[in-house]
Amino acid sequence: MSDTIFSKIIRREIPADIVYENDEVLAFRDLNPQAPVHVLFIPKRALATLNDATEADATLLGKLLLAAAEYAKQQGLAEQGYRTVLNCNEDGGQTVFHLHLHLLAGRRLHWPPG
Ligand code: 5GP
């Protein structure tokens with residue numbers, strides 16, 4: 001897959017407000033937050049979209065979700081609640097083609113989304 005802005009963030013070539021990191025996952029605040037807490041969790045091993053994931057990526061995808069849950073607990077967000085979102089391709093609203101999980105929290109989120 002081609003290089004994206006998120007690969008540059010992983011390589012520390014452009015700045016980001018990094019809030020969480022482990023061996024396989026990096027998380028940083030969204031530049032254009034849609035909630036008081038809006039953090040993006042990305043795998044360091046890049047996949048463009050969820051469509052590109054295979055069985056071999058199952059553990060990595062699980063680790064993205066677990067990282068988001070761990071962060072939410074660390075930040076005291078878990079009990080009140082939060083939302084995770086993974087947008088795929090055009091109709092899903094994906095704009096950066098390095099798979100990422102949004103974590104939104106800090107306000108009441110409406111459902112269904114628009
Ligand atoms: P998508 O629409 O692909 O699901 O989400 C991409 C997200 O990345 C958007 O919410 C957008 O605000 C965020 N974003 C785009 N470029 C940057 C950047 O350079 N830095 C950060 N921190 N977030 C970005």
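Values in this document were obtained by computation on a predicted structure and should not be read as measured data. Atoms within a ligand are numbered from 1 in the order they appear, just like the ligands themselves.
Annotation: side chain of N87 is not in contact with side chain of T95 (no heavy-atom distance under 4.5 Å). At a threshold of 4.5 Å between non-hydrogen side-chain atoms, the residues T59 and E24 do not count as touching.
No side-chain donor-acceptor contact under 3.5 Å links Q94 to the backbone of L50. Using modelled atom types, one side-chain atom of Q34 and one backbone atom of N32 make a donor-acceptor pair closer than 3.5 Å.
Every heavy atom of F97 sits 4.0 Å or more from the atoms of ligand 1. By the 4.0 Å heavy-atom criterion, Q34 is excluded from the residues contacting ligand 1.
Residue F28 has no nitrogen or oxygen atom sitting less than 3.5 Å from a nitrogen or oxygen atom of ligand 1, judged on distance alone. Ligand 1 has no N or O atom lying under 3.5 Å from any N or O atom of A16, backbone or side chain. The shortest N/O to N/O separation between T95 and ligand 1 falls below 3.5 Å. Annotation: V96 places an N or O atom under 3.5 Å from an N or O atom of ligand 1; distance criterion only.
The aromatic ring centroids of H100 and H102 lie less than 6.0 Å from each other.
The minimum heavy-atom distance between A53 and L47, with the atom names listed, is CB-CD1, 4.2 Å. Closest heavy-atom contact between P43 and L99: CD-O, 3.2 Å.
Counting heavy atoms closer than 4.0 Å to ligand 1, residue D17 contributes nothing at all. By the criterion of a heavy-atom distance under 4.0 Å, both the backbone and the side chain of L31 are placed next to ligand 1. If you look at N32 next to ligand 1, the close heavy atoms, those under 4.0 Å, come from the backbone and the side chain alike.
Short contacts between ligand 1 and H102, defined as distances under 4.0 Å to a heavy atom of the residue, involve ligand atoms 1 (P), 4 (O), 5 (O), 10 (O). Close contacts of ligand 1 with F6, meaning ligand atoms under 4.0 Å from a residue heavy atom, involve 8 (O). Against a heavy-atom cut-off of under 4.0 Å, I5 is close to the following atoms of ligand 1: 19 (O).
When only modelled atom types and interatomic distance are considered, Y20 and Q74 share no side-chain donor-acceptor pair under 3.5 Å.
Here the heavy atom of the protein found nearest to atom 2 (O) of ligand 1 is G93 O, 2.8 Å. In this structure, atom 5 (O) of ligand 1 lies nearest to the protein heavy atom H100 NE2, 2.9 Å. Considering only non-hydrogen protein atoms, atom 22 (N) of ligand 1 sits nearest to R29 O, 2.9 Å.
Of the candidates N87, I9, D30, it is D30 that places a heavy atom closest to atom 7 (C) of ligand 1.
Note on V25 and Y82: same hydrophobic cluster, where clusters join Ile, Leu, Val, Met, Phe, Trp and Tyr whose side-chain heavy atoms are under 4.5 Å apart, directly or indirectly. When the side chains of ILVMFWY residues are joined at heavy-atom separations under 4.5 Å, either directly or via intervening members, L101 and V39 end up in a single hydrophobic cluster.
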